[in-house]
Amino acid sequence: MRVFVAGVTGAIGRPLASGLRAAGHQVTGMTRSAEKARALERMGVDAVVCDVFDAAAVEQAMRAAHPEVVVHELTDLPAVFNPRRTDYTGTNRLRREGTGILVAAARAAGAHRLIAQSIAFLYAPEGGPVKDEDARPIVGAPAPFGEAMAAVLDLEQQVLHADGLHGVVLRYGYFYGPGTHFAADGSIAGEVRRRRFPVVGSGAGIFSFVHVDDAAAATVAAVERGAPGVYNIVDDDPAPTRLWLPAYAAALGAPRPLRIPTLLARLVAGRQVAESATRQRGASNQKAGRELGWRPAFPSWRQGFVSGLG
Ligand SMILES: NC(=O)c1ccc[n+]([C@@H]2O[C@H](COP(=O)([O-])OP(=O)(O)OC[C@H]3O[C@@H](n4cnc5c(N)ncnc54)[C@H](OP(=O)(O)O)[C@@H]3O)[C@@H](O)[C@H]2O)c1
């Protein structure tokens with residue numbers, strides 16, 4: 001199939017482009033950088049140099065590529081992730097405005113399917129520990145996370161209700177692997193080595209992880225099959241922070257994480273961080289397994305942190 005990937009140079013975009021090429025698809029990838037475009041060409045991707053906010057150029061590039069499927073993996077988060085002070089403005093604009101531009105261009109170019117990224121850590125902290133796609137998302141979170149969450153939900157609605165396109169939303173778990181914040185050279189690894197990423201309270205907040213190569217493989221599956229709708233793309237092992245964080249530190253060769261009271265975490269890092277660390281829910285991948293026929297090569301972060309951190 002002919003596939004147009006926006007965000008092809010990112011942490012997931014790179015393994016996605018390789019996976020699509022290996023499966024025999026023709027890939028056009030969009031980047032703002034002429035240098036990255038040359039690297040894409042070397043891996044067999046037809047590169048277009050374009051900023052998503054230049055709507056006319058995006059439409060022109062998309063018409064020239066004439067894709068059957070468009071994949072949206074755009075984000076604009078800083079390399080150093082600080083949950084309290086992260087500026088989501090750029091990513092929020094990509095999600096709201098950028099998505100609209102991609103939807104319009106995909107339709108103009110005659111694509112029939114649109115796949116876009118979302119997050120699996122958006123479920124309201126209520127009821128059971130592990131959520132399927134029908135569970136209620138968080139509403140009313142404090143800034144800046146609340147605005148970021150509203151932008152994610154806006155993206156999802158634009159994709160799922162895009163006239164004339166089969167919209168697929170992939171709610172990815174926390175990425176680990178090369179190029180991610182959890183990679184051995186990533187910013188979260190740095191915080192853990194400095195013992196600045198503690199277990200908060202009882203450490204009951206549940207995280208669902210996914211290796212970027214597994215997320216890419218799931219996205220290839222979603223290009224090829226599956227009904228329109230929402231899919232959680234996470235590993236088989238949602239786990240509380242008190243379990244995964246010490247294992248992650250050990251995999252890095254870092255000292256054991258500190259434990260701090262929830263009240264202190266609220267004061268130092270803000271309400272949302274304390275909330276995620278103590279009350280976040282995990283996500284179930286059963287629908288993706290059943291309907292996309294996707295299984296993660298790293299079913300658990302337990303092996304993934306040891307052999308797949310990158
Ligand atoms: N990281 C996680 O743990 C995680 C978890 C769940 C979901 N997600 C979501 O998955 C998606 C992909 O994440 P990632 O970690 O792969 O992102 P990333 O590594 O930061 O890559 C961002 C991509 O977006 C492109 N981009 C940014 N602004 C652009 C613009 N104005 N015009 C054109 N392209 C632009 C960049 O292209 P150039 O720089 O080459 O132009 C790059 O290819 C994101 O939406 C993210 O929110 C991430």
Side-chain angles (χ1 to χ4, degrees), residues 4-19 27-41 45 47-55 57-58 61-62 70-81 83 86 88-102 105 115-123 145 148-149 151-156 159 169-183 186-189 207-216 218-219 222 230-235 276 280 282-283 301 304 309-310:
F4 187 102
V5 183
V8 72
T9 60
I12 183 170
R14 292 186 297 269
L16 173 60
S18 305
V27 183
T28 303
M30 186 171 91
T31 173
R32 292 162 297 175
S33 150
E35 193 185 328
K36 290 185 197 172
R38 285 191 287 278
L40 289 170
E41 296 281 356
V45 171
V48 288
V49 178
C50 186
D51 190 303
V52 76
F53 297 117
D54 185 344
V58 174
M62 197 98 71
V70 174
V71 184
H72 172 4
E73 301 283 2
L74 299 175
T75 198
D76 187 20
L77 290 172
V80 176
F81 187 62
T86 293
Y88 291 103
T89 316
T91 289
N92 291 347
R93 185 174 172 225
L94 284 172
R95 289 184 169 141
R96 291 182 185 278
E97 216 179 296
T99 302
I101 289 168
L102 289 177
I115 296 167
Q117 44 69 30
S118 177
I119 53 177
F121 31 97
L122 53 58
Y123 296 109
F145 186 73
M149 185 63 82
V152 167
L153 296 175
D154 182 81
L155 171 150
E156 289 196 351
V159 171
V169 166
L170 302 180
R171 290 181 178 159
Y172 299 126
Y174 288 98
F175 287 159
Y176 67 94
T180 67
H181 291 118
F182 279 93
S187 69
I188 292 178
F207 279 57
S208 278
F209 287 97
V210 67
H211 192 281
V212 272
D213 290 351
D214 281 330
T219 310
V230 179
Y231 298 86
N232 291 332
I233 305 298
V234 293
D235 74 10
S276 302
Q280 181 169 267
W301 49 269
L309 270 190

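For ligands, and for the atoms within them, numbers begin at 1 and follow the listed sequence.
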Check your understanding: Just by modelled atom types, is the Val169 backbone N or O under 3.5 Å from a matching donor or acceptor in the Ser118 side chain?
Key -> no
Check your understanding: Can you find a pair of side-chain heavy atoms, one from Leu102 and one from Met62, that are under 4.5 Å apart?
Key -> yes
**Study point:** Mutual orientation of the aromatic rings belonging to Tyr174 and Phe207 [parallel < 30°, tilted 30-60°, perpendicular > 60°]
**Key:** parallel
**Study point:** Of the listed options Thr75, Asp51, Leu122, Val152, closest to atom 17 (O) of ligand 1 (non-hydrogen atoms)
**Key:** Thr75
Point to revise | Check: Thr31 side chain, Val49 main-chain N or O, donor-acceptor pair, under 3.5 Å | key: no
Review point. Which atom pair, heavy atoms only, marks the closest approach of Val52 to Met30?
Key: CB-CE, 3.7 Å
Review point. So, does Gly98 sit close enough to ligand 1 that a heavy atom of it is under 4.0 Å from the ligand?
Key: no
Check your understanding: For ligand 1, which atoms have a heavy atom of Met30 less than 4.0 angstrom away?
Key -> 33 (C)
Exercise for review: Report yes if some N/O of Ser33 lies less than 3.5 Å from some N/O of ligand 1; otherwise report no.
Suggested key: no
Exercise for review: Would you mind running through ligand 1 and noting each atom that sits below 4.0 Å from a heavy atom of Val8?
Suggested key: 43 (O)
Study note, to complete from the structure: If we number the atoms of ligand 1 from 1 as shown, the ones under 4.0 Å from a heavy atom of Tyr172 are 6 (C), 7 (C), 10 (O)
Review point. Do Glu73 and Tyr172 have side-chain heavy atoms sitting under 4.5 Å apart?
Key: yes
Review point. Using a heavy-atom cut-off of under 4.0 Å, does the side chain or the backbone of Arg32 touch ligand 1, or both, or neither?
Key: both
Exercise for review: Under 4.0 Å from a heavy atom of Arg95: give me the atoms of ligand 1 that qualify, with their elements.
Suggested key: 45 (O), 46 (C), 47 (O)
Check your understanding: Just wondering, do Asp214 and Asp235 contact through their side chains at under 4.5 Å, heavy atoms?
Key -> no
**Study point:** Distance filter under 4.0 Å to Gly173 heavy atoms, resulting ligand 1 atoms
**Key:** 5 (C), 6 (C)
Check your understanding: Counting each atom of ligand 1 from 1 as listed, which ones have a heavy atom of Cys50 under 4.0 Å away?
Key -> 33 (C)
Practice item. Assess whether side-chain contact (heavy atoms from CB on, under 4.5 Å) is satisfied between Ile188 and Tyr176, documenting all intermediate values. Key: CA-CA 10 Å; Ile188 292 178; Tyr176 67 94; over 6 Å; no
Review point. Can a non-hydrogen atom of Asp76 be found less than 4.0 Å from any atom of ligand 1?
Key: no
Review point. Between the main-chain N or O of Ala47 and the side-chain N or O of Glu41, is there a donor-acceptor pair closer than 3.5 Å?
Key: yes
Exercise for review: Mark up the atoms of ligand 1 that fall under 4.0 Å of a heavy atom belonging to Ile119, in ascending order.
Suggested key: 6 (C), 7 (C)
Check your understanding: What is the closest protein heavy atom to atom 42 (C) of ligand 1, and at what distance does it sit?
Key -> Thr9 OG1, 3.3 Å
Revision key, fill the gap. Judged by heavy atoms only, the candidate from Phe175, Tyr174, Phe209 nearest atom 10 (O) of ligand 1 is Phe175
**Study point:** Contact check, Leu94 vs ligand 1, heavy-atom distance below 4.0 Å
**Key:** yes
**Study point:** Arg171 side chain to Tyr231 backbone, donor-acceptor under 3.5 Å
**Key:** no
Practice item. Mark yes or no for whether Thr180, through its side chain, and Gly177, through its backbone, hold a donor-acceptor pair below 3.5 Å. Key: yes
Review point. Heavy-atom contact under 4.0 Å between Ser118 and ligand 1?
Key: yes
Revision key, fill the gap. Of Ile101, Thr31, Val52, the residue with the heavy atom nearest atom 32 (N) of ligand 1 is Val52
Exercise for review: Compute the shortest N/O to N/O distance between His181 and ligand 1 and return yes if it is under 3.5 Å, no if not.
Suggested key: no
Point to revise | Selection from Asp54, Ile12, Leu74, Thr180 by shortest heavy-atom distance to atom 25 (C) of ligand 1 | key: Leu74
Exercise for review: Select one of side chain, backbone, both or neither to describe which atoms of Lys36 lie under 4.0 Å from any atom of ligand 1, heavy atoms only.
Suggested key: side chain
**Study point:** Side-chain donor-acceptor pair present, Tyr123, Asn232, cut-off under 3.5 Å
**Key:** yes
Point to revise | Contact check: Ala11 vs ligand 1, nitrogen or oxygen atoms, below 3.5 angstrom | key: yes
